[in-house]
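To start, the structure itself, in structure tokens.
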Amino acid sequence: MLYREALNRAIDEAMEIDSDVVVLGEDVGLYGGSYRVTEGLVSKYGEERLIDTPIAELSIVGNAVGMAIGGLRPVAEIMTVNFALLAFDQIINHMAKYHYMSAGKITLPMVVRFPQGVSRQLAAQHSESYEQMLSAVPGLIVFAASDVNYAYHALKYAILSDDPVIFIEHELLYNKKGEIDLNTELDPFKARIVKKGKDITIVSYLKMVDDVMEAVPEIEKQLGKSCEVIDLCSLNPIDFKTLESSLKKTGAIVVVEEDHKMGGYGAQIVSWAAEEMFYSLDAAPLRIAGADVTIPYNRRLELASIPTPEEIKARILAWGAENGV
Amino acid sequence: MLYREALNRAIDEAMEIDSDVVVLGEDVGLYGGSYRVTEGLVSKYGEERLIDTPIAELSIVGNAVGMAIGGLRPVAEIMTVNFALLAFDQIINHMAKYHYMSAGKITLPMVVRFPQGVSRQLAAQHSESYEQMLSAVPGLIVFAASDVNYAYHALKYAILSDDPVIFIEHELLYNKKGEIDLNTELDPFKARIVKKGKDITIVSYLKMVDDVMEAVPEIEKQLGKSCEVIDLCSLNPIDFKTLESSLKKTGAIVVVEEDHKMGGYGAQIVSWAAEEMFYSLDAAPLRIAGADVTIPYNRRLELASIPTPEEIKARILAWGAENGV
Amino acid sequence: MNKMLAEEIYYDMVLGRFFELAAKEHYMAGDIAGFLHLDIGQEGFSVAAMKAFAKGDVFTTYREHVMAISRGMDPKAVMAELFGKVSGVSRGRGGSMHLFDPSHFFYGGDAIVGGQIPNAVGCAYARKYKEQQDGVMVVFGDGATNGGAFFESLNIASAQKLPLLFLCENNGYAIGTKITRVSPFEKQAKKAEPYMLTMEVDGMDAVAVYETLREARHLIEDGHGPVFVEAMLCRYEGHSMSDPGNYRNKEEMKICKERDPIERMEKMLHETYLLSEEEIDALRQRAQRAVDDAVEFASAAPEPELEELYDNIFSKDV
Amino acid sequence: MNKMLAEEIYYDMVLGRFFELAAKEHYMAGDIAGFLHLDIGQEGFSVAAMKAFAKGDVFTTYREHVMAISRGMDPKAVMAELFGKVSGVSRGRGGSMHLFDPSHFFYGGDAIVGGQIPNAVGCAYARKYKEQQDGVMVVFGDGATNGGAFFESLNIASAQKLPLLFLCENNGYAIGTKITRVSPFEKQAKKAEPYMLTMEVDGMDAVAVYETLREARHLIEDGHGPVFVEAMLCRYEGHSMSDPGNYRNKEEMKICKERDPIERMEKMLHETYLLSEEEIDALRQRAQRAVDDAVEFASAAPEPELEELYDNIFSKDV
Ligand SMILES: Cc1ncc(C[n+]2csc(CCOP(=O)(O)OP(=O)(O)O)c2C)c(N)n1
Ligand SMILES: Cc1ncc(C[n+]2csc(CCOP(=O)(O)OP(=O)(O)O)c2C)c(N)n1
Ligand SMILES: [Mg+2]
Ligand SMILES: [Mg+2]
């Protein structure tokens, strides 16, 4: 099953379970979604539940907030995160705040989902990552799906839960293959240990998890050490417990993210490690992140602007050598 | 001279120097600005240069971008940062990116200024701080003015320079008193050492600088150590040099910010210290920041949601004791 | 309009005026802080709107005290909210600009100009989807009609034929900026004309507001799609307590106050419904007592405990 | 329209068509990547717009190759940009959607639907402020007319009487969504009517577009304030290369192609201007050669050096 099919299934099942679940967004209905996540759903549930909206992101989220107030469970799709900026007022001032500022009187069971990240030469206005901004907003739950199983379970949970959830997908993961495990319950707030190890904790999320995994065998070979790879999964709240036990064991942390380094989400994790785990650290933490530039169109420049498996490997090897890891 | 008068003077002088400088925003003209920063300017320069706009923040910034393309030097005022969310698309996708994505063909000499932060019970939708979001955008220069002298010099520089600048003020600083030093040139990109010291580096910006300074005497007395207090001033780019030399000397860093801790700007500084200065650190870094909640209206809750001089003192004393600083 | 309703409207208007005057007094005394936007001069509009739209959902702005109490929210709980007390409608966490009460179908109290409009559109969608009888009303100022949120909403509500009543409270100013300086029109209904039926009403005349809104409400309930109503009115005070409001001259204010909605209603009670001075006075006194009680309650109410800071971040522990 | 201009327009249209066909071919060959939005079917509109508005500033969308070259930007530099080469107009950093050239008063190439409209408003303000003769034209699709940025711009341009020509390219679709499914109108000029003079034109007829826009341009230059022009037209291809476009049936496409702007212009050259087959053919061949040259140039051009990644972050080192 593909990642986008897993997302589709999660939405489908939630819509089946609860007729208050509606989907809204640009081209989500008749067209089936620009990344085909909602494909086929309109013929099953009709245009009233798969609502094609105009190009008006502020309204997409703003209407979803109102639908939730009116008793529905809206799942809003923003075509890519870049356009979500137009909806930041509704996301931050409304979706995130109403529950708290009404002292719990208003509950907003809603999801805003979108892909983000660098795909293939989509250039400056179609390649951004905003998890750092959205994870910093109190009141929002932020999930980031790096694989098929998590995508399915976490999205279904998000739709059926009563809180506002930002659900982040990655443009390059839609065709990723995997299996859904229906036998094990998945806690979407728990970080996932992708690979056990005992010497270096590598923390990542979304597509970078795959890039890290690609780099790891060579890193382990060359450094003669074993890496524990952790996929954060929930970017807010963060499962610090899992990070803590890994770090206690390894004493060394590397955080890999695709976004620009300046102000990027990973700073949060490294700063936590420095504050809370300082005396467990045997080496300076390492952050691998994108360049502090707008994403360029040219492919070479584009690749140079984000971490690649090669860069991850090279950076970790150099760091390992320097810090005696 | 008051902080708001210093800002007024900076704008006034820039308008005097260059007739392409125009100011736009809600109530900036006839009304004189909701925090009286542009008071008196309309009678001097006319309504064509002090443009009262409708309540349309997306357009305020979007128009400023177009004015800059058309050869003007717009200074846009957003009444408070909370409403700037409506303009995030124009700030991030346009203002920040056009210079880079046009390979330098488009230059945007413009400033977007606004106050932010917790004032006095302005509640959930009027009390936010977004420096963490805006400092993470490549292409934007971000200044934060904590005192009269910097406010004057940095704003004047920002208006007359050719780059897009986000200029952050604080709601509670407008009536702060101080002097403008016209004899010393001020580099707005340089961090300011507010107080020299040798044992603990305390990094802060905006209003928290004052709160830190209020807490410092007692901290020094009780810990028997001296604090070096640094005001970052430029939040992007960051003057790491100044931080580095301080930290080399002290080996201990505390970062104080008003914003929510989760994902807050300070994570950036602590993470830098952990990565780059790890072997100079004698103690775990400390981050003092706001609670991870929407700002409540009630005064007690509001104060509990942000650092106060008392909290800063208590936290640093406890940290000092625990870490043997 | 029958006598009972006329009395009820009058009572709520006076209650509103006294409530606002008390709020002003207690703001100056330091019991209330933050931004306080008074509805004085606009009470006829606010009350009549709530009476005409008694059943559907209401979304509004930060200038909403009078609407909230006229909607049925207890003045005590509203005043306590202004005082930031735990007995306030939002447990002191929202404040004057953020009164929420789903049990009265009252959803804000939004302090982002225009921000509530897309929310109301979504709620209207939910009503239509669930085939519920009552529609939605969204109240906003003239200043909001220049923002993208308003326009997107006109377009969507019209395209989807939603049961939504757009109610524009046109008091001619957004803080200190006269609407005609930043909009091409004096009357903002012009902007809605391509999309839906529009109506205009004298916002200083509570009866007219009531009648017009009832008509509009019936239209939206009958599936005619959205309707836009514009009420022309005056606010007597500055924009908020931090605005002296001196951009309006005496002459302008004098003309405004000659249209006072309370005096007008009072005259009608006399002339049409034949209420005596005493009867009217009794209503006023009852209103004053209710406000005094509200203030007393608010003063005595406890502040929230510090632990509440971390309540209601999510619907349950996650 | 004199013969020379008619020939020039025809040449640019054919050049545009060949350019787009070459771009399509090289996208499929992997030389061009990202989103590629072709203007095929819309060339008459794009070229005539640039000719009618030769002097003022132009802001447009991601579907802008034909406008860019018709505006005078070298097809070589435009094709090189699509190829991501350093000889591209934006040194390979912008790509197909982001063509900028201030020397031709051409400012994007904006890929945020509607995002360029407030920019154009600001630029029009600058022109008025500086008392410059030429106005500003902003081109956007039908899809953009549902977004807040568009509406805010109508309102501001009208309130300030700016020299701004709103040009709506209504091809009936925003990606796969038919405009009438998300807007109450088929023709979006309806939305601008309260604010300014509106005109409609057949966007498949280059001459009509040219004449209409010249008239509109004169109005804005003469201080009449903004004007809205809507061109009804068809795009032949999918929205971008990643859209097969199969939401439109054969019949619909057939009707579209019967209106082909190039064939129409060709007929006019024959009938009105008495050009021979050979003369027309010569124009076509010249256009094809220019495109071939552009492709050859783009293929041969070097990629940017890696160091360029850090160029132009700010105007100078800060
Ligand atoms: C998006 C946004 N921009 C600016 C403000 C600041 N502000 C608060 S009220 C107001 C004026 C609103 O005027 P209007 O809509 O006419 O309502 P009125 O206050 O007259 O009732 C402004 C500019 C805000 N709250 N939200
Ligand atoms: C704000 C925003 N939302 C969504 C998109 C994705 N998108 C790109 S083009 C497009 C359709 C635009 O249609 P229209 O304005 O009619 O122009 P056309 O492509 O038909 O020329 C969409 C939805 C975007 N680029 N920007
Ligand atoms: Mg008003
Ligand atoms: Mg279109």
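Side chains are part of it too, since the values below use all heavy atoms of this structure and drop only hydrogens, waters and symmetry mates. Chain naming here is simple, since letters A, B, ... match the order of the sequence lines and numbering starts at 1 in each. No experiment lies behind these values; they were computed from the predicted model shown.
- Chain D is approached within less than 4.5 Å, heavy atom to heavy atom, by C/Asn146, C/Gly147, C/Gly148, C/Phe151, C/Glu152 from residues 133-152 of chain C, ordered by number.
- Results of the side-chain contact (heavy atoms from CB on, under 4.5 Å) test with D/Pro184 over C/Asn155, C/Leu154, C/Ile156 single out C/Asn155 as the only residue that passes.
- By the 6.0 Å contact criterion, CD on D/Glu258 is enclosed, its count of non-hydrogen atoms from other residues, nucleotides or ligands being greater than 12.
- Heavy-atom contacts from other residues, nucleotides or ligands closer than 6.0 Å to CD of C/Glu186 number 12 or fewer.
- For the set D/Lys191, D/Glu193, D/Arg181, the entry with the most heavy-atom pairs within less than 4.5 Å of chain C is D/Lys191.
- Under a cut-off of 6.0 angstrom, the local environment of NZ in D/Lys55 is sparse, with at most 12 non-hydrogen atoms contributed by other residues, nucleotides or ligands.
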